[in-house]
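Quick caveat, the model's predicted, so the values are computed rather than measured. Heavy atoms only: backbone and side chains are in, while hydrogens, waters and symmetry mates are out.
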Number of protein chains: 2
Amino acid sequence: MSGPPSTDSSSASGDPRRRLIEEAARILGEEGPSSLSARRLAGAAGTSTMAVYTHFGSMTGVVEAVATEGFRRLIDHVDAVGRTEDPLADLRRMAGAYRDNALENRHLFGVMFGAISLGGFHGRGADPEVAAAAFEQIVAGVARAMDAGVLLPGDPRAVAAQFWSALHGYVMLELAGMDRVVDDSERTVLWPMLAHLLAALAPSPR
Amino acid sequence: MSGPPSTDSSSASGDPRRRLIEEAARILGEEGPSSLSARRLAGAAGTSTMAVYTHFGSMTGVVEAVATEGFRRLIDHVDAVGRTEDPLADLRRMAGAYRDNALENRHLFGVMFGAISLGGFHGRGADPEVAAAAFEQIVAGVARAMDAGVLLPGDPRAVAAQFWSALHGYVMLELAGMDRVVDDSERTVLWPMLAHLLAALAPSPR
DNA sequence: GATCGACCATAACGGCGTTATGGCAGGATG
DNA sequence: CATCCTGCCATAACGCCGTTATGGTCGATC
């Protein structure tokens with residue numbers, strides 16, 4: 001798939017596929033899932049509905065592309081926390097970035113992990129390669145902590161999966177409105193939970 | 001093709017509202033979210049679409065009622081594990097029941113926590129009172145463990161929220177197909193994760 | 001210049017959520 | 001008994017949806 005030869009005939013258009021994905025993500029974020037329809041999307045991107053079908057095959061294809069785009073943005077957002085000389089603090093800051101990204105793009109997050117549906121079509125999910133890259137981010141953070149000796153040596157993938165599960169579950173329950181039943185304010189639940197997970201793996205002489 | 005209503009009134013019909021909820025849950029479980037429509041539901045329940053609107057106001061109302069029904073079934077399923085003299089083992093068995101219930105009713109689970117949508121209409125969620133009752137189940141399990149002295153005394157609600165978050169996140173990632181990227185087989189992730197959470201709260205003399 | 005392929009505008013089809021309309025049972029009221 | 005009212009639902013319609021068939025434009029190729 002070679003890109004278009006950059007014929008910027010006008011500033012209004014890039015390649016239509018890219019524009020459709022970005023407009024779909026924007027509509028999803030600003031107006032919610034029920035506003036994302038083929039006609040609405042085509043209108044926002046300045047094309048007709050057929051462009052959607054030549055590029056994505058169906059609205060399900062659009063959803064999968066948007067989910068993949070969501071994982072790419074998540075990766076960038078988490079990557080932006082950088083690396084300090086304290087790998088455990090870095091993990092905590094990665095978790096904070098993960099949560100912030102979810103709260104600011106709740107509908108996009110729902111599509112990424114939804115597995116459920118969006119406007120009726122429910123998609124097989126994002127590109128597994130991109131989703132895996134998001135997970136590898138956490139694996140790398142855990143591996144650095146192990147290398148630095150602040151976590152017991154072990155399989156970083158298994159530990160990262162635990163960390164991710166706990167973080168993801170907290171965020172998903174928060175998005176589902178469970179803060180109404182548990183309250184919290186990220187003080188007595190989120191940080192202690194992650195701290196407990198990491199403390200159980202710390203090389204303190206017991 | 002039901003016969004005249006007076007022929008067999010014993011089992012064919014209950015009150016229509018109940019029948020609609022159960023048919024909606026059945027269609028959701030057997031055919032997925034995209035098959036649940038007002039006409040399809042009305043046909044399955046043996047009524048017309050107007051019955052849906054007199055009882056639930058909209059399809060969103062149906063979704064909320066089905067989500068509430070899902071929490072009720074989850075509560076029954078988790079309650080069925082009973083109580084032994086080992087509160088920590090009971091917590092683990094509750095977690096297993098939670099996961100089993102999710103895997104066997106993945107679409108219903110998605111609707112319960114979805115926050116996303118279902119066929120386009122996306123509902124405010126289940127009855128908060130019923131959802132809270134599901135959480136209180138875990139709180140009670142944690143409180144018993146504290147009373148028995150196998151968990152450090154503390155706020156059982158905060159600990160239960162941590163336990164629930166981790167369990168829920170693991171299940172949600174599994175439902176989203178993340179087992180493709182993390183593998184696991186509930187051996188190196190789920191049980192160690194929950195064990196670590198509880199171990200960090202155990203009253204072992206450190 | 002002719003041909004071909006990718007791309008997309010137009011218009012249509014069936015199905016969707018929802019609503020307006022009307023009929024029908026059954027209890028309250030005179 | 002006649003009347004009215006009220007909750008409940010069947011019928012049919014409206015506008016929107018995802019999708020597809022059709023045809024036209026335009027650049028690349030020979």
In chain order, what residues pass the side-chain contact (heavy atoms from CB on, under 4.5 Å) check against B/Ala161, with sequence neighbours excluded? A/Val182, A/Val189, B/Phe135
Grab the N/O contacts between the protein and nucleotides 23-25 of chain C below 3.5 Å, and write none if there aren't any.
none

Donor-acceptor pair, distance only, cut-off 3.5 Å: does the side chain of B/Asp90 make one with the backbone of B/Thr84? yes
Salt bridge (charged side-chain N to carboxylate O under 4.0 Å, His left out) partners of A/Glu129, counting only residues at least two apart: none
Rounded to whole Å, how long is the line connecting atom CZ of A/Phe56 with atom C1' of D/dG18? 16 Å
In whole angstrom, what separates B/Arg17's CZ from D/dG7's P? 16 Å
What is the distance from OH of B/Tyr53 to P of D/dC8, rounded to the nearest Å? 18 Å
Taking side-chain contact (heavy atoms from CB on, under 4.5 Å) as the definition, give me every residue that meets it alongside B/Thr188, ordered by chain and number, with sequence neighbours left out. A/Ala158, B/Asp184
Atom CZ of A/Arg40 to atom P of D/dG18: distance rounded to whole Å? 12 Å
Sorted by chain and number, sequence neighbours left out, side-chain contact (heavy atoms from CB on, under 4.5 Å) with B/Val159 holds for B/Val142, B/Met146, B/Leu201
Please enumerate all protein N or O atoms sitting under 3.5 Å from an N or O of nucleotides 8-12 of chain C, with distances to 0.1 Å.
{"from": "C/dC8", "atom 1": "OP2", "to": "A/Thr54", "atom 2": "OG1", "distance (Å)": "3.3"}
{"from": "C/dC8", "atom 1": "OP2", "to": "A/His55", "atom 2": "NE2", "distance (Å)": "2.8"}
{"from": "C/dA9", "atom 1": "OP2", "to": "A/Ser48", "atom 2": "N", "distance (Å)": "2.3"}
{"from": "C/dA9", "atom 1": "OP2", "to": "A/Ser48", "atom 2": "OG", "distance (Å)": "2.6"}

Take the protein atom CE of A/Met59 and the nucleotide atom P of D/dT20, then report the distance between them rounded to whole Å. 13 Å
Which pairs, with at least one residue in residues 154-163 of chain A and sequence neighbours excluded, count as a side chain to side chain donor-acceptor pair (under 3.5 Å)? A/Glu136-A/Arg157, A/Gln162-B/His196
Any side chain to side chain donor-acceptor pair (under 3.5 Å) involving residues 42-58 of chain B? Give me the pairs, sequence neighbours left out, ordered by first then second residue. none
Between CG of A/Asp15 and P of C/dC7 the distance, given in whole Å, is 11 Å
Run the side-chain contact (heavy atoms from CB on, under 4.5 Å) test against A/Asp100 and tell me which residues pass, sequence neighbours left out. A/His77, A/Glu104
Round to a whole Å and report the spacing from CG of B/Leu20 to C1' of D/dC8. 13 Å
